[in-house]
Amino acid sequence: MKPAPFAYTRPGSLAEALATLAGDPDAKVLAGGQSLVPLLSMRLAAPSALVDINGLPDLDGVTVTASGVRVAALARHADVLASAEAAAVQPLLAMALANVAHPTIRNRGTTVGSLVHADAAAEMPVVLSLLGGSVDAASTAGTRTIPAAELYVGPLQSSLRHDEVAVSAFFPALAPGAGVAFEEITRRQGDYALCGVAALVDGASVKVGYLSVSDVPTVVDLSGIPVEEMGEAALAHLEPADDIHATADYRAHLVRVLTTRVVRSAYDDARGRR
Amino acid sequence: MTEELHPVRLVVNETAYDIRVPARRLLSDALRQDLGLTGTHVGCEHGVCGACTILVDGKPMRSCLLFAVSAVGVEITTVEGLTNADGSLGPVQQAFAECHGLQCGFCTPGFLTTITAGLRDNPDPTHDEAREMIAGNLCRCTGYQNIVKAVERAAVLGAES
């Protein structure tokens with residue numbers, strides 16, 4: 001349970017970090033490390049080098065405007081969750097963040113790191129996908145914006161290149177009249193969800209995001225379907241699987257039950273905001 | 001091949017320690033092996049059990065999910081730093097003793113640090129909040145009931161002091 005040896009740098013500027021990454025295709029970025037360090041300790045990953053971005057200036061902070069919430073690379077989950085301004089502009093953030101692991105993990109783990117770790121069992125990738133957000137990625141070649149729809153390409157695989165640092169993420173604001181809700185079922189509080197559901201409703205438009213029931217974060221447009229049948233319809237786009245924690249059938253059951261429940265809560269949420 | 005050693009200054013319980021460690025040295029191992037502060041216990045080593053929880057600038061974090069080289073420029077508090085200035089038990093430690101909040105004691109350092117920070121944020125938790133406060137820590141002996149009582153007792157002791 002100890003990591004394999006790796007080289008280590010703690011750059012003082014983003015330019016230095018990007019140059020190091022550009023020169024070593026096998027290097028990885030270390031931000032919060034709450035997913036990366038277990039992978040290293042279990043030797044599921046053995047990068048040649050870690051580029052520790054925790055010393056970089058100007059990558060802290062949560063910036064809230066009327067158009068949405070921008071989360072910088074070193075903002076911890078706890079920082080985003082603690083921002084009342086962020087919760088006011090996009091309430092789904094706090095609803096989902098309260099389900100991310102335990103407070104102790106949220107104190108160190110970063111929201112942007114979780115997004116580009118691209119775990120389909122994690123909450124924030126689904127939230128970003130459902131809201132149609134984006135991630136800004138910097139490299140020595142410049143900075144590009146990756147829309148959420150182009151970010152998730154496979155299990156634990158994002159379209160972020162090895163020489164890029166995800167410097168921030170943008171979560172769009174909740175539109176006037178729209179509503180959101182989030183719920184997940186776990187064996188124990190703070191564990192990975194057996195199934196999690198996030199919903200965004202706006203008039204007749206119903207979009208629902210799913211975690212832990214597919215290989216990649218998945219959003220399904222369920223507009224026009226009776227609410228009791230939405231879960232069944234969503235299952236056509238999902239692949240709930242058997243594992244030690246739950247059977248595929250049970251996960252499919254949770255999709256049906258949670259979809260109806262969460263879409264109804266999203267409509268309640270929308271009514272409550274009028 | 002010898003591994004490169006990195007000079008690191010760790011500030012733990014208000015004392016600065018200068019050590020040289022390989023980059024892969026987990027902070028939990030640095031505390032125990034390089035600093036000799038064996039109060040921090042190492043359980044699962046992948047962030048699940050909570051036994052190695054320490055305070056970083058007052059916030060609970062898993063020391064097994066941090067590298068010592070990355071823990072610079074912060075104030076670390078371990079269980080050794082939770083006693084009162086005169087060496088007597090701090091309120092959370094005292095509450096654990098009074099409520100029989102430990103049996104084998106392996107998980108206890110992680111509970112003590114977590115609850116110390118938890119009560120700082122929420123000095124008067126409800127029963128549910130007390131349970132929530134310790135949800136990220138595993139204990140295989142006590143069944144948690146007495147640990148929850150200890151959280152509530154520590155809140156009373158903290159209010160009295």
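To find a chain, count down the sequence lines: A is the first, B the second, and so on, and within it residues start at 1.
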So for atom CZ, which belongs to B/F106, do other residues, nucleotides or ligands contribute more than 12 heavy atoms lying within a distance under 6.0 Å?
yes
Identify which part of B/S70 has an atom lying under 4.5 Å from any heavy atom of chain A, answering side chain, backbone, both or neither.
both
Give, as side chain, backbone, both or neither, the part of A/A101 having an atom under 4.5 angstrom from any heavy atom of chain B.
neither
Please report the shortest heavy-atom distance between B/C64 and A/V37, naming the atom on each side.
O-CG1, 3.6 Å
Specify which of B/E4, B/R24, B/E132 makes the most heavy-atom pairs with chain A at under 4.5 Å.
B/R24
Starting from the C-alpha separation in whole Å, work towards a yes-or-no answer on side chain to side chain contact (heavy atoms under 4.5 Å, CB included) for A/R108 and B/L65.
CA-CA 9 Å; A/R108 183 69 182 178; B/L65 296 187; over 6 Å; no
Give, as side chain, backbone, both or neither, the part of A/L30 having an atom under 4.5 angstrom from any heavy atom of chain B.
side chain
Residues B/F67, A/L50; criterion side chain to side chain contact (heavy atoms under 4.5 Å, CB included); working and verdict
CA-CA 11 Å; B/F67 290 114; A/L50 289 190; 3.7 Å; yes
Between A/L40 and chain B, which part of the residue has a heavy atom less than 4.5 Å away: side chain, backbone, both or neither?
side chain
Is the count of non-hydrogen atoms from other residues, nucleotides or ligands lying under 6.0 Å from A/H162 atom NE2 greater than 12?
yes
Can you tell me if A/D58 has over 12 outside heavy atoms packed within less than 6.0 Å of its CG?
no
Whether over 12 other heavy atoms sit under 6.0 Å from B/E14 CD:
no
Any residue meeting side-chain hydrogen bond (donor to acceptor under 3.5 Å, both in side chains) with A/D269, in chain and number order, not counting sequence neighbours:
A/R273
Okay, A/N107 and chain B: the region with an atom under 4.5 Å from a heavy atom over there is both
Can you find a pair of side-chain heavy atoms, one from A/S41 and one from B/E45, that are under 4.5 Å apart?
no
Among B/V56, B/T114, B/L66, which residue has the highest count of heavy-atom pairs closer than 4.5 Å to chain A?
B/L66
Please determine whether side chain to side chain contact (heavy atoms under 4.5 Å, CB included) holds for the pair B/V72 and A/R10, giving the CA-CA distance in whole Å, both sets of side-chain angles, and the decisive distance to 0.1 Å.
CA-CA 11 Å; B/V72 294; A/R10 188 181 170 94; 3.7 Å; yes
Ring pair (Phe, Tyr, Trp, His ring centres under 6.0 Å) partners of A/Y152, counting only residues at least two apart:
none
For chain A, which of B/A23, B/G47, B/P60 has the most heavy-atom pairs under 4.5 Å?
B/P60
Portion of B/D29 that has a non-hydrogen atom of chain A nearer than 4.5 angstrom:
side chain
Gap separating the OG1 atom of A/T104 from the CE atom of B/M61, nearest 0.5 angstrom:
9.5 Å
Are there over 12 heavy-atom neighbours, none belonging to B/D124, within less than 6.0 Å of that residue's CG?
no
Around B/R9, counting heavy atoms of other residues, nucleotides and ligands shown, do more than 12 lie under 6.0 Å from its CZ?
no
Are A/M42 and B/H46 close enough that some pair of their side-chain heavy atoms sits under 4.5 Å apart?
yes
Point-to-point distance, once rounded to the nearest 0.5 Å, from OH of A/Y8 to CZ of B/R25:
14.5 Å
Note: vs chain B, highest number of non-hydrogen pairs under 4.5 angstrom among A/R106, A/R188, A/Q189 is A/Q189
Kindly give the heavy-atom pair with the smallest separation between B/A135 and A/H102, and that separation in Å.
O-CE1, 3.2 Å
